[in-house]
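Since this is a predicted model, take the numbers as computed values, not measurements. Proteins get letters first, then strands, A, B, ... in listed order; numbering begins at 1 in each.
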Number of protein chains: 2
Amino acid sequence: MSSSSPPADGDPAPVFSALGDPTRLALLSTLSDGQPRSIASLSADAGMTRQAVTKHLRVLEGAGLVSNIRVGRESRFAFAPGPVARARSYLDEVSARWDEALERLRAFVQRPD
Amino acid sequence: MSSSSPPADGDPAPVFSALGDPTRLALLSTLSDGQPRSIASLSADAGMTRQAVTKHLRVLEGAGLVSNIRVGRESRFAFAPGPVARARSYLDEVSARWDEALERLRAFVQRPD
DNA sequence: GGTTCGCGCAACCAGGAGGTTGCATTCATG
DNA sequence: CATGAATGCAACCTCCTGGTTGCGCGAACC
């Protein structure tokens, strides 16, 4: 298999790390409308160089958050929903554990029986 | 107000950035059981120095993910659920926008009528 | 009251992240 | 085929990050 395909990863830290940058978050938000865009198109809205946007897109691709296909002379990037769903479920687990702990504490503290 | 209190922040990037480290993710997972712990206690399970754990805890505190109270000679860190919920809802929005786009595409492409 | 435990502060260091510039390459197009 | 647009590659720079060590200080405890 290729060496740059981490789509089914179990560790959510790289995904969160990729999301932890305002530029990348904006790129992902733009791409989440379902329309693939070229690097030049995405660079037009960002306030930096095309090369910088390219690097951010490579990071997002490395985390599996976007996919990249070459069409003609431009490379189009598209949103990939998998890692977002996994990150969401991880946060769900953390929240659930916290809620359970709160519930246990509440049941212990107001024990009227 | 104090200069180190970003609990009600609207920008989710710092929260994701704080979550984007395996050590911090492990600390947060440990603390999500509701029990506050001291730095020394948290450092015992991590494979690094107490100072390194302290730095990570400061990062988590800066993102509002944990709260810190001094009791006696030790400082206890506790999980704070607010930012996790906000990050979760942000990912919900992204996923929702993606789902809507998919639905529009589906309705357009299989138009048998 | 001295010792030990828990912590904070500061300096220091290697490596990576984010960004720029310059140049080569590839594809579309008149 | 010559030109221009879109990209890739590489070098370079600055700053932050993650980690270490050493030391000082206040709180507990015998």
Next item on the list: Quickly work out the A:L42 CG to D:dG8 P distance and round it to whole Å.
Entry: 12 Å
Next item on the list: Please state how far atom CZ in A:R76 lies from atom P in C:dC27, giving the value in whole angstrom units.
Entry: 15 Å
Notebook entry, point to check: When you check the phosphate oxygens OP1 and OP2 of C:dG6, does a side-chain N or O of B:S38 lie under 4.0 Å from one of them?
Noted result: no
Notebook entry, point to check: In whole angstroms, how far is the C1' atom of D:dC13 from the CE atom of A:M48?
Noted result: 17 Å
Notebook entry, point to check: In the single-linkage hydrophobic clustering (I, L, V, M, F, W, Y; side-chain heavy atoms under 4.5 Å), do B:V59 and B:L65 co-cluster?
Noted result: no
Next item on the list: Could you check A:L57 against A:N68 for side-chain contact (heavy atoms from CB on, under 4.5 Å), going step by step and ending with a plain yes or no?
Entry: CA-CA 9 Å; A:L57 287 171; A:N68 173 26; over 6 Å; no
Check: Rounded to whole angstroms, how far apart are CZ on B:R50 and P on C:dG6?
Finding: 10 Å
Next item on the list: Nearest-nucleotide wise, let me know which of A:V71 and A:K55 is further upstream toward the 5' end of DNA chain C.
Entry: A:K55
Note to self: Tell me whether B:R97 is salt-bridged to B:E100, with the criterion being a basic N under 4.0 Å from an acidic carboxylate O.
What the structure shows: no
Notebook entry, point to check: Quick one: A:Q51 CD to D:dT7 P, roughly how many Å, whole number?
Noted result: 10 Å
Check: Counting just side-chain N and O atoms, does B:T49 come under 4.0 Å of either OP1 or OP2 of D:dG19?
Finding: no
Margin query: If you assign B:R70 and A:H56 each to the DNA chain C nucleotide with the nearest heavy atom, which residue ends up on the more 5' nucleotide?
Written below: B:R70
Notebook entry, point to check: Going by the angle between their ring planes, with limits at 30° and 60°, are A:W98 and B:F79 parallel, tilted or perpendicular?
Noted result: tilted
Check: Is any side-chain heavy atom of B:E74 closer than 4.5 Å to a side-chain heavy atom of B:I39?
Finding: no
Notebook entry, point to check: Starting at CD of B:E74 and ending at P of D:dA27, how long is that distance when rounded to a whole Å?
Noted result: 14 Å
Checklist line | For atom CG of A:L19 and atom C1' of C:dA17, their distance in whole Å | finding: 16 Å
Next item on the list: Could you tell me whether B:S75 contacts a base, only the sugar-phosphate backbone, or nothing, with contacts defined as non-hydrogen atoms closer than 4.0 Å?
Entry: sugar-phosphate
Margin query: Base, sugar-phosphate or nothing for B:A40? Non-hydrogen atoms, less than 4.0 Å.
Written below: sugar-phosphate
Check: Is any side-chain N or O of B:R73 closer than 4.0 Å to OP1 or OP2 of D:dC29?
Finding: no
Next item on the list: Would you kindly give the CG-to-C1' distance between A:N68 and D:dA6, to the nearest whole Å?
Entry: 13 Å
